[in-house]
Amino acid sequence: MAREPTTDDSIASAPTADRHRQSLADIRETYAENASTMARLGWLDRLITGRYRRSAFRTAEGRVLDVACGTATNYRALPDGTEYVGIDLSPEMLDAAADRHPELERGETLFEMDAQSLAFPDDSFETVVSSLSTCTFPDPLAALAEMSRVCAPDGQVLLLEHGRSDVGAIARFQDWRADAHFEKHNCRWNQEPLDLVSGSELAVREYATWAFGILTGIRAEPGE
Ligand SMILES: C[S@@+](CC[C@H](N)C(=O)[O-])C[C@H]1O[C@@H](n2cnc3c(N)ncnc32)[C@H](O)[C@@H]1O
């Protein structure tokens, strides 16, 4: 007897972009498992990513919202004089952020929230930053629209995202392993960050790529 198609069947046969779209519950589970490991990756940041964070966020000013802040690694990458607020979906990542930075308190500066539906009024922040996050959001365009909404009209949205390399061999490897990588990490590692943001409500003003084109820094302004 033919069996009824299941949700899993329709996901498996969907185009890649749709197939690589997980539920918020899956994301919470992934990061509950990874929070303590990620909190111990400070050395990796000092060695590699820290310089790109500082470069991408060098123009941040005023009240800054860090969307999908994880363990709040961006906190130390922001210029002096900025006021930090972080949100993340994962309570375990937020706990790790508060442990790493005792001056950041849950419920004061760190909030559990979905990036796709931010609980802040319009125009609440002079700067919105986010890093290594759009690859995980189930609906990245919705999250980028929320970043645009909560950013002041004369403010800026600064992103540091990873994606498909511009070196052919690396890109082909990323494409080949995209399903397996997504399965394990809930991460679309061959996405094209600039294309994604260009198709969002944000207006891209500047960008730079680093590390074989795997990292992209983007300075954008809220849409009209
Ligand atoms: C790879 S980590 C990056 C963390 C941090 N931004 C950094 O650069 O180290 C991705 C983060 O996105 C968070 N996240 C994923 N989906 C989210 C959502 N819909 N809303 C808020 N946070 C989300 C995860 O919980 C995780 O902390």
Side-chain angles (χ1 to χ4, degrees), residues 27 30-31 33-61 64-80 82 84-90 92-101 103-104 109-110 115 127-137 140 143-144 147 156-167 169-171 173-174 177-178 181-182 184-197 202 204-220:
I27 297 170
T30 299
Y31 284 96
E33 286 163 10
N34 293 341
S36 57
T37 313
M38 293 195 72
R40 287 196 298 270
L41 291 181
W43 62 270
L44 185 65
D45 197 64
R46 282 191 294 280
L47 207 64
I48 304 176
T49 37
R51 79 189 77 152
Y52 303 121
R53 291 181 197 271
R54 285 189 295 279
S55 185
F57 302 149
R58 69 191 182 284
T59 60
E61 54 187 13
V64 179
L65 176 66
D66 185 3
V67 175
C69 64
T71 61
T73 307
N74 289 335
Y75 176 54
R76 294 270 180 242
L78 295 173
D80 291 344
T82 49
Y84 185 86
V85 176
I87 71 101
D88 200 279
L89 191 67
S90 162
E92 289 81 3
M93 293 292 272
L94 291 169
D95 285 343
D99 285 350
R100 283 180 88 190
H101 309 289
E103 64 275 38
L104 300 180
T109 44
L110 296 173
T127 309
V128 178
V129 303
S130 193
S131 56
L132 316 179
S133 62
T134 57
C135 55
T136 304
F137 298 145
L144 293 167
M147 293 183 208
Q156 50 183 338
V157 177
L158 305 173
L159 305 168
L160 176 67
E161 289 302 319
H162 74 98
R164 194 166 188 272
S165 173
D166 53 24
V167 175
I170 301 175
F173 177 77
Q174 289 176 299
R177 299 296 296 164
H181 187 82
F182 182 81
K184 190 159 179 207
H185 301 288
N186 277 329
C187 163
R188 297 177 289 268
W189 76 340
N190 62 345
Q191 72 165 355
E192 303 273 6
L194 190 60
D195 290 351
L196 175 74
V197 180
L202 295 167
V204 174
R205 297 296 181 223
E206 240 185 299
Y207 75 94
T209 60
W210 303 288
F212 308 112
I214 290 172
L215 290 175
T216 303
I218 296 173
R219 188 175 71 77

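Predicted, not measured: the structure shown is a model, and the values here were computed from it.
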Within-4.5 Å side-chain heavy-atom neighbours: [X] and [Y]:
{"X": "L196", "Y": "L144", "value": "yes"}
{"X": "T127", "Y": "T82", "value": "no"}
{"X": "C187", "Y": "H181", "value": "yes"}

Minimum heavy-atom distance between [X] and [Y], given as atom pair plus value:
{"X": "S130", "Y": "F57", "answer": "O-CZ, 4.0 Å"}
{"X": "V64", "Y": "A60", "answer": "CG2-CB, 4.4 Å"}
{"X": "S55", "Y": "R58", "answer": "O-NH1, 2.6 Å"}
{"X": "F137", "Y": "V67", "answer": "CZ-CG1, 4.2 Å"}
{"X": "A96", "Y": "A39", "answer": "CB-CB, 4.0 Å"}
{"X": "W189", "Y": "Q174", "answer": "NE1-O, 2.9 Å"}

TODO: Would you confirm whether S131, through its side chain, and L160, through its main-chain N or O, come within 3.5 Å as a donor-acceptor pair?
DONE: no
For the [atom1] atom of [X] and the [atom2] atom of [Y], what is their distance to the nearest 0.5 Å?
{"X": "M93", "Y": "N34", "atom1": "CE", "atom2": "CG", "answer": "7.5 Å"}
{"X": "R100", "Y": "M38", "atom1": "CZ", "atom2": "CE", "answer": "9.5 Å"}
{"X": "L215", "Y": "L132", "atom1": "CG", "atom2": "CG", "answer": "7.0 Å"}
{"X": "L202", "Y": "I218", "atom1": "CG", "atom2": "CD1", "answer": "9.0 Å"}
{"X": "D66", "Y": "T109", "atom1": "CG", "atom2": "OG1", "answer": "11.0 Å"}

Task: salt bridge (charged side-chain N to carboxylate O under 4.0 Å, His left out) partners of D95, counting only residues at least two apart - done: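 Per chain and number, D95 pairs via salt bridge (charged side-chain N to carboxylate O under 4.0 Å, His left out) with R106.
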Open item on the list: Before you tell me yes or no, could you show the steps for C69 and V85 under side chain to side chain contact (heavy atoms under 4.5 Å, CB included), namely the whole-Å CA-CA distance, both residues' side-chain angles and the distance that decides it to 0.1 Å?
Closed with: CA-CA 9 Å; C69 64; V85 176; over 6 Å; no
Could you work out, with side-chain hydrogen bond (donor to acceptor under 3.5 Å, both in side chains) as the rule, every residue matching [X], not counting sequence neighbours?
{"X": "T59", "value": "Q156"}
{"X": "T216", "value": "none"}
{"X": "E161", "value": "S133, T134"}

Let me have the donor-acceptor pairs involving side chains of residues 205-214, under 3.5 Å, with sequence neighbours excluded, atom names and distances please.
{"residue": "R205", "atom": "NE", "partner": "E221", "partner atom": "OE1", "Å": "3.0"}
{"residue": "R205", "atom": "NH2", "partner": "E221", "partner atom": "OE1", "Å": "3.4"}
{"residue": "E206", "atom": "OE1", "partner": "R219", "partner atom": "NE", "Å": "2.9"}

Task: Selection residues 44-55 - residue pairs positive for salt bridge (charged side-chain N to carboxylate O under 4.0 Å, His left out), sequence neighbours left out - done: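 Checked against salt bridge (charged side-chain N to carboxylate O under 4.0 Å, His left out) - neighbours excluded - the pairs reaching residues 44-55 are D45-R53.
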Open item on the list: Please enumerate all residues that pass side-chain contact (heavy atoms from CB on, under 4.5 Å) together with H101, with sequence neighbours excluded.
Closed with: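 H101: side-chain contact (heavy atoms from CB on, under 4.5 Å) contacts with A72, Y75, R76, E103, L104.
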TODO: List in chain and number order the residues that pass side-chain contact (heavy atoms from CB on, under 4.5 Å) with N186, two or more places apart in sequence or in another chain; answer none if no residue qualifies.
DONE: Q22, D26, T30, F182
